[in-house]
Amino acid sequence: MKRLLELTLFELVDALRRGNVSREDVVDAYLSRIKEVDSKLHAYLAVNEEMRSNSSSEGLLFNAPIAIKDNISTRGLPTTCASKILEGYIPPYDATTVARIKAEGGLIIGKTNMDEFAMGSSTENSAYGPTYNPWNLECVPGGSSGGSAAAVAAREAVASLGSDTGGSVRCPAAFCGVVGVKPTYGLVSRYGLVAYANSLEQIGPITRDVRDAALLLSVICGRDPNDSTSVDPPSKDYLSALVVDVKGLKAGIPKEFFGEGTDPRVAEAVWRAIKLLESHGMEYEEVSFPHLPYSLPAYYIIAMSEASSNLARYDGVRYGFSAFEEGEEWVKVFSKTRALGFGAEVKRRIILGTFALSAGYYDQYYLKALKVRTLIKGDFDCAFKKFDVLLAPTMPLPAFKIGERIEDPLAMYMVDIDTVPINLAGIPAISVPCGFVDGLPVGLQIMAAPFHEHVMFRVAYTYEQCSSYHNLKPPI
Amino acid sequence: MQQQQDVVIGLEVHVQLTSLKTKLFCSCPSDYRGKPPNTHTCPVCLGLPGSLPVVNKKAIEFAVMAALALNCQVSERAVFFRKNYFYVDMSKNFQISMYDRAGGTPIGRGGYVDIDVDGTRKRVRISRIQLEEDPARLVHLGPIELSPYTLVDYNRAGIALLEIVTEPDLSSPKEARIFLQKLRSILEHCGIFDGSLEGSMRCDANISLAGGARVEIKNITSFKEVERALSFEIARQRELLKRGQQVRRETRHWDEDRRMTFTLRVKEEEHDYRYFPEPDLVPIVITEDFIERVRSMMPELPDHRAERFMREYGLPEYDARVLTSEKALADFFEACVKLYPSPKKVSNWLMTDTMRVLNEYNLDWSSIKMEPEHLAELLKLMDDGVISIKIAKLLIFDVVLKGIPPSKLVEEKGMKRIVDENYLSQLIEKIFREFPKAVQDALKDEKAVHFLVGQVMRHTKGRADPALTNELIRRKLNELQRSS
Amino acid sequence: MASRKLVSLEQTEHLSWLAKVELSEEEKRVFTEQLNRILEFFRKLDEVDTSNVQPTYHVVELTNVFREDEPASPLPQEEALRNAAHKKNGYFVAPKIV
Ligand SMILES: [Zn+2]
């Protein structure tokens, strides 16, 4: 048998249910692993020591320690969104995804680091310091779910949840060499996910292989009465989609994802993956998405606009940091609370979003972006009439150095170029490891039509089983 | 009432859908009145990070019913928006509301309400009806200006509010009050609202006088206050105009205790609500079927009820309108007529005697303790000659205010009419001895007899049977006449 | 590309007032400069003809998602107040309003 920490989620649950390993073994192994490496990685903001004593049911995730991104509400465990403004906040309720994990016997091992309020692509925007890439401690783990991806890659959790607003699951999954899924918009309940950009984001699994992702997604997906935008998929059984067979499937390769700014070595790795799938019977064809170049500005306008409203509630009255002083007038207190509580990137996005929604600019920015969104979605709808999946790089480049882009907001926004279109269109996508550049992982992005996660998983699984990148583990 | 043709008033009324059991976007119980602070909250109405709103289906049904009752066009598609602004009573620092621009539509628009002002019908147009959430309740230590902080109770936060906006069709404070009363009666008849609950109907008013700018008055908490607030404001603006000063366009607050409006220092030009569709909610499609279903559940409304009262009970129009001006009053009337089938008499006793009691104690109909059985009993006691009309008018105070059955009052207070001839004769003899001068006058002048009757009534606290007393006094006078 | 000034320092100030985020003088200066660069980038959308295009508010076209009017138990008062920095007699303490 593999060492306990090397077992995948699927294997671990199987071993636990068979009694081959005990819950104490698992909990001890993971907690000591965290003690061993997290001072170097800083993947966690909080570790749930009480995990030992919580009772759990013998479900699909029986006693598996799962890490949760810190913007997902966990009853009794801090949920700070890596922001000073939520320092000390302990929610009285579980997000629906967390409740579903618990209902299947999963253990919540801790809360993972992230860019403050999920605003960033490197996890450098955390008010509590960055997370480091387990493959190279000088590099970022990607973001904003950097802690969730680093924890899974470094064996500090068997699986984790991240959230993906514009690539926040797939980017760190690609940078850390693990699997990350951004589900179809509406497939997974957002109840308990601290909102950044409501119309774009979904919670998704980050795992060591495709089967684990399928398993975890099948647990968390489906209609939730607490989320009006959630729906049931045709089938939640994603495990049965996992066959090594892509014969007869058609893939589109959108040219724009390989454009200017894409590291040629990344493009090469992705093309190798495409050729591998072709050798297993998949057909492919290059396509062009005329509106794709407008994805980034449309995405950022929509995300910032929604964020400016979502983040208005942090005023220090009901929870979190407060600059309250007796006798001080409310505008002053609120403005001070928010000035001291939010980091620079969050403030920048709030101000920009406020601008984009304000009188006289709404049509020019917010409404315009929503119309461009229609066109981008149209490009995808059109492609999925012809193709089962679309294949592209997840990120245009491998993980960059810490500090390399943080001073230049636009340079940071640019790295999201291949992930944001998926959120605008609301379609599902998965990132699977497909090679290395300078010792850093590269991700292959597989996109499918809305609620066609089965096809996405089938192609991902086939690729994974025919390659070996998912078996590699970081040196840490 | 002075002529006020130069006054233009429009109202923005906020009515709580008090018949709902839960809030608009969460399942917290809506019966927050009188409960300890912050005991009726959940992650949604506290605006906790990650919580999401879900629309109360019944609220949509009620809003559609209100729209139909106010003769509005019901929208096919209604969309919730976020109205973004900061304030200490907001749990999210945006309010989820409907909006009539940017592709949004409120539930209803283009309706009207007919009101009766001094015997004339007047049509007040309704521009729109929409749903939104109530903010939290603020509590201050002493006067607002001196309070070092604000206490916040989120029990009220998220209660379903119906916003009803009129066109500027009202031309006096009295009309505004009558409009609100009518509105209340209509919504109460719909079964969606109880106006007797404190703070369940609040409004903002826009008012302008010829030659002045439009002034908005906020924080008017009942239809009684609306008349006071608007009257104050008209007087204030008239005074300014008379002195040749400008009436500034501004927002003023009505201070109920000090009975005056005052300016709150706000950066007026800064209002920019940055409306956009609430991304956590999906559009509401109101089908023809749904509207028909709501229409079929619609109870009788005040205007129809008034017409029926005239037809069925033969009441004059005035009575019918007054009785239907409040649902509880109309219900009372009908219940009472069932027990005492003399509609005009019941109507008179309600509209004059009962109202007199309420006015004297500055109460409204909802605080009445009298049951229909009580009034019917009171009227029967009079018919049976057990009590006089005078006694009845005295008794009604305790019946209305305390809900004590009249028969019990008569018993307890010994208020039965005195028909005992011996007792009355002895009393009359005593009075004759006491007032010899009056007796002499009565012998000559018929009118002076009333004084002697009055004395009997005074001694019996009005309980002596008037006819019998009269007869006995005359008999006695006749005896005296003969013997002299 | 010639840089148009899309946001002035005064506008940044106004936005910070609207958003209730106090900015230092230095932040105002840096933000104004960054805002202009980012907005310039956003203006790329001007190239797209959207005259006959409807906006996409929701990618999943749902309508009429409701819940029934049935009460659920609310949070106990201590739970509701637990995360508040300032509280008094069961109330949240907020700053004064005038
Ligand atoms: Zn609630």
Side-chain angles (χ1 to χ4, degrees), chain B residues 20-22 25-31 36-43 45-46 48 54-61 77 79 84-89 93 103 136 138-140 144-155 264-265 267 270 272 274 276-277 279 281-286, chain C residues 6-8 10-23 35 39 42 45 50-98:
Chain B
L20 292 176
K21 293 196 204 79
T22 66
F25 297 119
C26 63
S27 302
C28 284
S30 56
D31 59 337
N38 298 303
T39 53
H40 283 45
T41 69
C42 72
C45 55
L46 281 176
L48 295 191
V54 185
V55 179
N56 184 337
K57 189 177 184 182
K58 201 97 190 160
I60 302 297
E61 200 177 293
R77 195 179 166 91
V79 177
N84 293 286
Y85 68 100
F86 285 81
Y87 200 53
V88 290
D89 61 3
N93 287 315
L138 301 182
V139 178
H140 308 282
I144 295 182
E145 320 85 82
L146 300 177
S147 191
Y149 48 79
T150 311
L151 297 175
V152 194
D153 171 13
Y154 291 91
N155 285 350
L264 268 189
R265 282 161 293 145
K267 293 194 196 174
E270 312 277 19
D272 182 350
R274 290 159 284 134
F276 72 102
L281 294 172
V282 301
I284 294 158
V285 173
I286 303 169
Chain C
L6 294 160
V7 182
S8 64
E10 291 68 39
Q11 259 177 302
T12 305
E13 260 170 24
H14 173 65
L15 290 169
S16 94
W17 186 87
L18 263 181
K20 303 287 176 282
V21 178
E22 202 175 81
L23 297 179
L35 259 49
L39 290 172
F42 288 173
L45 296 188
T50 52
S51 41
N52 290 313
V53 181
Q54 290 300 311
T56 295
Y57 295 106
H58 290 96
V59 280
V60 188
E61 297 211 352
L62 296 168
T63 55
N64 293 3
V65 179
F66 300 122
R67 76 184 160 76
E68 297 302 321
D69 185 30
E70 281 153 14
S73 40
L75 289 172
Q77 195 190 54
E78 323 78 76
E79 281 271 282
L81 289 163
R82 178 163 138 197
N83 285 291
H86 303 277
K87 51 203 153 190
K88 211 175 202 102
N89 304 330
Y91 290 93
F92 290 85
V93 175
K96 65 188 210 128
I97 52 172
V98 276

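Letters A, B, ... are given to chains in the order of the sequence lines, protein chains preceding strands, and every chain is numbered from 1.
To the nearest 0.5 Å, atoms CD1 (C:Ile97) and NE2 (B:His140) are separated by 4.0 Å. Once rounded to the nearest 0.5 Å, the distance linking OH of C:Tyr91 with CG of B:Leu138 reads 10.5 Å. A distance of 3.5 Å separates CZ in C:Arg67 from OG1 in B:Thr22, rounded to the nearest 0.5 Å. Between the CZ atom of C:Phe66 and the CG atom of B:Asn56 there is a distance of 9.5 Å, given to the nearest 0.5 Å. Rounding to the nearest 0.5 Å gives a distance of 7.5 Å between NE2 of C:His58 and CG of B:Leu281.
In this structure, the portions of B:Pro283 lying under 4.5 Å from any heavy atom of chain C include both its backbone and its side chain. Within the 4.5 angstrom heavy-atom criterion, only backbone atoms of C:Asn89 (N, CA, C, O) approach chain B. Residue B:Thr41 touches chain C through both its backbone and its side chain, counting heavy-atom pairs closer than 4.5 Å. In this structure, chain C has no heavy atom under 4.5 Å from any part of B:Leu146. In this structure, no portion of C:Ala84 lies under 4.5 Å from any heavy atom of chain B. Proximity to chain C is absent for every atom of B:Cys45, based on heavy atoms less than 4.5 angstrom apart. For chain C, no part of B:Phe276 is nearby; none of its heavy atoms comes within less than 4.5 Å. Proximity to chain B (any heavy atom under 4.5 Å) is shown, for C:Leu62, by both the backbone and the side chain. Neither the backbone nor the side chain of B:Tyr85 has a heavy atom closer than 4.5 Å to any heavy atom of chain C.
Heavy-atom pairs under 4.5 Å with chain B peak, among C:Leu81, C:Thr63, C:Asn64, C:Val65, at C:Asn64. When each of C:Gly90, C:Ala94, C:Pro95 is scored by its heavy-atom pairs under 4.5 Å with chain B, the top score falls to C:Ala94.
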Original post:
side-chain contact (heavy atoms from CB on, under 4.5 Å) between C:Leu18 and B:Arg274: does it pass, once the steps are laid out?
Top reply: CA-CA 10 Å; C:Leu18 263 181; B:Arg274 290 159 284 134; 3.9 Å; yes

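Under the 3.5 Å distance criterion, the side-chain polar atoms of C:Asp69 are matched with a main-chain donor or acceptor of B:Lys21.
Residue C:Phe92 is tested with B:Leu46, B:Val88, B:Thr150 for a side-chain contact (heavy atoms from CB on, under 4.5 Å); the sole match is B:Leu46.
Closest approach of B:Pro29 and C:Ala72 over heavy atoms only: CD-O, 3.5 Å.
The 12-atom threshold is not exceeded at NZ of B:Lys58, counting heavy atoms of other residues, nucleotides or ligands nearer than 6.0 Å.
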